[in-house]
Amino acid sequence: MKTIPDFQKRKAAGEAITMVTCYDAATAKILNGTSVDSILVGDSCAMVVHGFDSTVHATVDMLAMHTEAVRRGAPDKVIVADMPFLSYRKGLIESTESAARLMRAGANAVKIERCRGNLELIQSLVEAGVPVMGHLGLTPQAVNEFGGFKVQAKTDKAAETLVREAKELELAGCFSIVLECVPAEVAKRATEALAIPTIGIGCGPDTSGQVLVINDLLGMDSDFHPKFARRYANLSVVIADSVEAYSDDVRSGSFPAKGEYTRLRREQTAI
Ligand code: KIV
């Protein structure tokens, strides 16, 4: 996938879209060499990189800095940047300026959580040439309203609201919608009701694609393992074991060894 319109083509062709989050240039460089379709510079960086307990702490400055780093590492990937908590509720002018900062930082699109109250801004950004990804279901910026990170849209009424809002986001011009932690049946209904693709996380198999937080996928946090996040590696163990091995080698004197440093030749004099 090379461009935002490719999202639509993938859904039309029935081909799954793959997306992972990323926050730094080193990891982005690795992703740039993979077949993953798209990178999300998620406001989850407030939690997994900066150690906060929710994404409420993410700021435009934070997201712009991470987006710049990811773009430097992944020049060839389609990058979506999250508009952080309340940054899109500051009136059209200031909210548009926040979106502009993320686009200038290297994003190809921005993502905005929830529907109600956001449609005018979404329409205005889309008209101005800024692709917008929607986000419904468990929208983590509203964790205080939900009383925790809980599965959403479990009742008929809530499911109906979600499908209606998904259609409203599509009508406003969103090119895709993230569905997070809603029952698989609800995700399927929403996906079937839309022409644009849905990207699921914790929503089962019937969305147009999947997104995972890269730290979860790589097993960076041994204490955090939500059931929807399949672990493809156990990097927390790999990192801890590597640092222990290094520390043992330093203490035993086996690091650094010959070949891992420079000695002056006999005829040279030390400065
Ligand atoms: O910020 C994020 O990582 C996200 C994904 C969970 C979709 O919004």
Side-chain angles (χ1 to χ4, degrees), residues 7 16-24 27-28 31 36-60 62-67 69-70 74 77-88 98-99 102 105 107-115 118 122 131-143 146 148-153 162 166 169 174-182 187 190-191 196-204 207-218 220-221 224-231:
F7 275 78
I17 298 163
T18 66
M19 187 179 218
V20 288
T21 67
C22 182
Y23 318 102
D24 67 276
T27 310
L31 296 182
V36 76
D37 290 316
S38 178
I39 294 174
L40 173 66
V41 184
D43 59 354
S44 48
C45 66
M47 299 176 75
V48 301
V49 178
H50 294 270
F52 290 110
D53 63 356
S54 82
T55 59
V56 164
H57 301 274
T59 63
V60 176
M62 185 189 284
L63 267 292
M65 190 190 70
H66 287 294
T67 302
V70 170
K77 291 293 180 189
V78 176
I79 295 177
V80 180
D82 250 331
M83 290 199 69
F85 182 59
L86 295 185
S87 66
Y88 44 90
S98 296
L102 297 175
N108 299 105
V110 297
K111 177 162 78 60
I112 296 178
E113 289 191 8
R114 315 234 297 186
C115 172
N118 295 332
I122 291 171
V132 179
M133 178 176 263
H135 186 157
L136 294 173
L138 170 52
T139 45
Q141 291 170 17
V143 63
F146 298 145
F149 297 99
K150 296 173 179 171
V151 174
Q152 299 297 306
L162 183 134
L169 289 175
C174 284
F175 71 94
S176 174
I177 299 174
V178 165
L179 297 177
E180 180 165 353
C181 292
V182 302
T191 303
I196 57 172
T198 56
I199 311 293
I201 175 165
C203 290
T207 51
S208 320
Q210 300 287 331
V211 57
L212 278 181
V213 171
I214 196 154
N215 294 55
D216 299 342
L217 183 159
L218 296 176
M220 288 289 285
D221 184 347
F224 185 69
H225 193 183
K227 74 171 178 186
F228 60 79
R230 188 179 294 176
R231 258 189 200 166

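Residue numbers count from 1 along this sequence. Counting starts at 1 for both ligands and their atoms, following the listed order. Everything numeric here is computed off the predicted structure, so don't read it as measured data.
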Distance dump, ligand 1 polar atoms to protein, N/O, under 3.5 Å:
{"unit_1": "ligand 1", "atom_1": "1 (O)", "unit_2": "Asp43", "atom_2": "N", "d": "3.2"}
{"unit_1": "ligand 1", "atom_1": "1 (O)", "unit_2": "Asp43", "atom_2": "OD1", "d": "2.9"}
{"unit_1": "ligand 1", "atom_1": "1 (O)", "unit_2": "Ser44", "atom_2": "N", "d": "3.1"}
{"unit_1": "ligand 1", "atom_1": "1 (O)", "unit_2": "Ser44", "atom_2": "OG", "d": "3.2"}
{"unit_1": "ligand 1", "atom_1": "1 (O)", "unit_2": "Asp82", "atom_2": "OD2", "d": "3.1"}
{"unit_1": "ligand 1", "atom_1": "3 (O)", "unit_2": "Ser44", "atom_2": "OG", "d": "2.5"}
{"unit_1": "ligand 1", "atom_1": "8 (O)", "unit_2": "Lys111", "atom_2": "NZ", "d": "2.9"}

Query raised in the report: Ser176 side chain to Met133 main-chain N or O, any donor-acceptor pair under 3.5 Å?
Result: no
Query raised in the report: Hey, is CZ on Arg230 packed in by over 12 heavy atoms from elsewhere, all under 6.0 Å?
Result: no
Atom pairs and distances, side-chain donor-acceptor, residues 44-60, under 3.5 Å, sequence neighbours left out:
{"unit_1": "Ser44", "atom_1": "OG", "unit_2": "Tyr23", "atom_2": "OH", "d": "2.7"}
{"unit_1": "His50", "atom_1": "NE2", "unit_2": "His66", "atom_2": "NE2", "d": "2.9"}
{"unit_1": "Ser54", "atom_1": "OG", "unit_2": "Val56", "atom_2": "N", "d": "3.1"}
{"unit_1": "Thr59", "atom_1": "OG1", "unit_2": "Met62", "atom_2": "N", "d": "3.0"}

Query raised in the report: Would you call Glu113 and Tyr88 a side-chain contact if the rule is heavy atoms closer than 4.5 Å?
Result: yes
**Report entry** Polar side-chain atom of Thr198 near backbone of Ile177 as donor-acceptor pair, under 3.5 Å
**Finding:** no
Query - Note, Leu179 side chain near Leu162 side chain (heavy atom, < 4.5 Å) - result: yes
